[in-house]
Amino acid sequence: MSAPPITGTKLTGTMLTGTMLAEAYLDWLAGERRAARLTVEAYRADLAGFLGFLTRHLGGEPDIGALAGLRLGDFRAWLADLAARKLIAATRARRLACVRGFYRFLARRHGVSMAQLKLLDTPRSRKPLPRALSPEQARSAAEDIGFETEDDLTQARDVALFTLLYGAGLRIGEALALNVRDLPRGEDALRVLGKGSKPRIVPLLPAVREALAAWLAVHPAPAPGSPLFVGLRGARLAAGVAQRTLRQYRRHAGLPEHATPHALRHSFATHLLAGGADLRSIQELLGHASLSTTQRYTQVDAAQLLEVFRRTHPRG
């Protein structure tokens with residue numbers, strides 16, 4: 001079923017310029033689609049940039065015939081120009097979306113078909129590399145965070161929690177979802193329920209078991225069905241409270257701003273990799289569904305090695 005024709009300002013004639021067509025599109029957005037003023041202005045700037053590139057690229061202002069005759073390589077050259085100007089992926093993706101909308105307007109109003117636009121990949125932002133702490137910083141955040149409070153119960157709880165995050169590579173949500181009954185009895189491995197309710201087995205180092213045992217010894221309600229980590233009122237500890245505790249500690253201890261609960265998980269994986277662990281094992285320990293997610297840690301390790309090289313080599 002064909003789409004209904006666009007109504008609004010009519011343009012006639014064979015020498016319609018890109019600027020005239022862009023203005024007609026913007027008028028339609030504002031009038032028919034009731035687009036917000038700021039949206040229309042943003043699209044106006046995006047289309048002006050696109051038409052400006054085509055003017056330089058084609059040697060003159062494009063008319064409707066030139067717009068209809070663009071090839072895939074022309075659009076790729078435009079995207080490459082945006083990338084060369086250091087525009088971030090999100091900005092490039094928005095501009096491509098604007099041009100696609102413009103061509104949909106041209107197709108319905110003027111019969112200009114541009115199937116090549118469907119062949120273009122939308123620019124995607126690269127996920128930032130995990131930022132790990134140094135082994136000394138990670139141990140400090142895990143073992144010394146108890147100094148943040150004078151309350152013995154809170155000290156034992158926080159040391160147990162952050163030692164577990166670094167020593168077992170758990171997500172903060174996974175750790176806080178544990179109940180007392182989830183702790184292993186006479187075993188050295190913990191069963192964790194990860195994303196998508198996918199279970200995994202995580203070995204517990206002696207330091208982690210000791211910290212958990214010290215916490216259980218003062219736990220206010222260590223019944224099997226009780227939350228493992230509780231707040232002052234006995235309810236399950238909130239992630240925001242744990243994050244705030246580490247935020248306060250890192251300021252007092254001089255740790256970097258990226259010292260967060262999740263950074264301890266990153267540190268767990270990065271330090272295992274640096275110690276010779278294979279990616280498959282790290283994938284299983286972290287509960288990653290895809291090995292490609294775990295492979296990001298190889299980039300972290302390589303980046304850290306390069307930084308050490310540059311800092312220590314005589315010609316660095």
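Bear in mind the structure is a predicted one, so any value in this text is a computation, not a measurement. For this chain, numbers begin at 1 and follow the sequence in order.
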Checking the side chain of H271 only, and the main-chain atoms of S267 only, is there a donor and an acceptor separated by less than 3.5 Å? yes
Tell me whether V112 shares a hydrophobic cluster with L58, the cluster being built from Ile, Leu, Val, Met, Phe, Trp, Tyr side chains joined at under 4.5 Å. yes
Could you state the interatomic distance from CG (L176) to CG (L237), rounded to the nearest 0.5 Å? 5.5 Å
Is there a path from F53 to L96 through hydrophobic residues (I, L, V, M, F, W, Y) whose side chains come within less than 4.5 Å of each other? yes
Side-chain donor-acceptor pair under 3.5 Å between T122 and R100, yes or no? yes
Find the distance between CZ (R265) and CG (L165) and round it off to the nearest 0.5 Å. 10.0 Å
Ion pair R247/E257, N-O distance below 4.0 Å: no
A quick test of your reading: do over 12 heavy atoms of other residues, nucleotides or ligands sit less than 6.0 Å from CZ of R56? yes
Between Y249 (side chain only) and S140 (backbone N and O only), is there a donor and an acceptor less than 3.5 Å apart? yes
I'd like to know if E174 pairs up with R200 as an ion pair, taking the criterion as any Lys NZ or Arg NE/NH1/NH2 lying under 4.0 Å from an Asp or Glu carboxylate oxygen. yes
Could you go through F268 and Y166, starting from their C-alpha distance and side-chain angles, then the distance that decides it, and tell me whether this counts as ring-ring contact (aromatic ring centres under 6.0 Å, His included)? CA-CA 5 Å; F268 166 82; Y166 176 49; 7.4 Å; no
Indicate if V159 and V241 have the same hydrophobic cluster label, given that clusters are the connected sets of ILVMFWY residues with side-chain heavy-atom separations under 4.5 angstrom. yes
Taking a hydrophobic cluster as the set of Ile, Leu, Val, Met, Phe, Trp and Tyr residues connected by side-chain heavy atoms closer than 4.5 Å, whether directly or through intermediates, do V218 and L216 fall within one such cluster? yes
Short question: side chain of R95, backbone of A90 - any donor-acceptor pair under 3.5 Å? no
Assess whether a salt bridge exists between D182 and R191, defined as any Lys/Arg side-chain N lying under 4.0 Å from an Asp/Glu carboxylate O. no
How are the rings of H266 and H262 set relative to one another: parallel (under 30°), tilted (30 to 60°) or perpendicular (over 60°)? perpendicular
Under 3.5 Å donor-acceptor, T39 side chain and A35 backbone: no
Can you see whether T19 engages E61 through a side-chain donor-acceptor pair at a distance of less than 3.5 angstrom? yes
Check step by step if ring-ring contact (aromatic ring centres under 6.0 Å, His included) holds for Y103 and F75. CA-CA 12 Å; Y103 268 92; F75 290 106; 5.8 Å; yes
In terms of hydrophobic clustering (I, L, V, M, F, W, Y; side-chain heavy atoms under 4.5 Å; direct or indirect links), are L232 and F229 co-clustered? no
For G52, is there any backbone N or O sitting under 3.5 Å from a side-chain donor or acceptor partner on H57? no
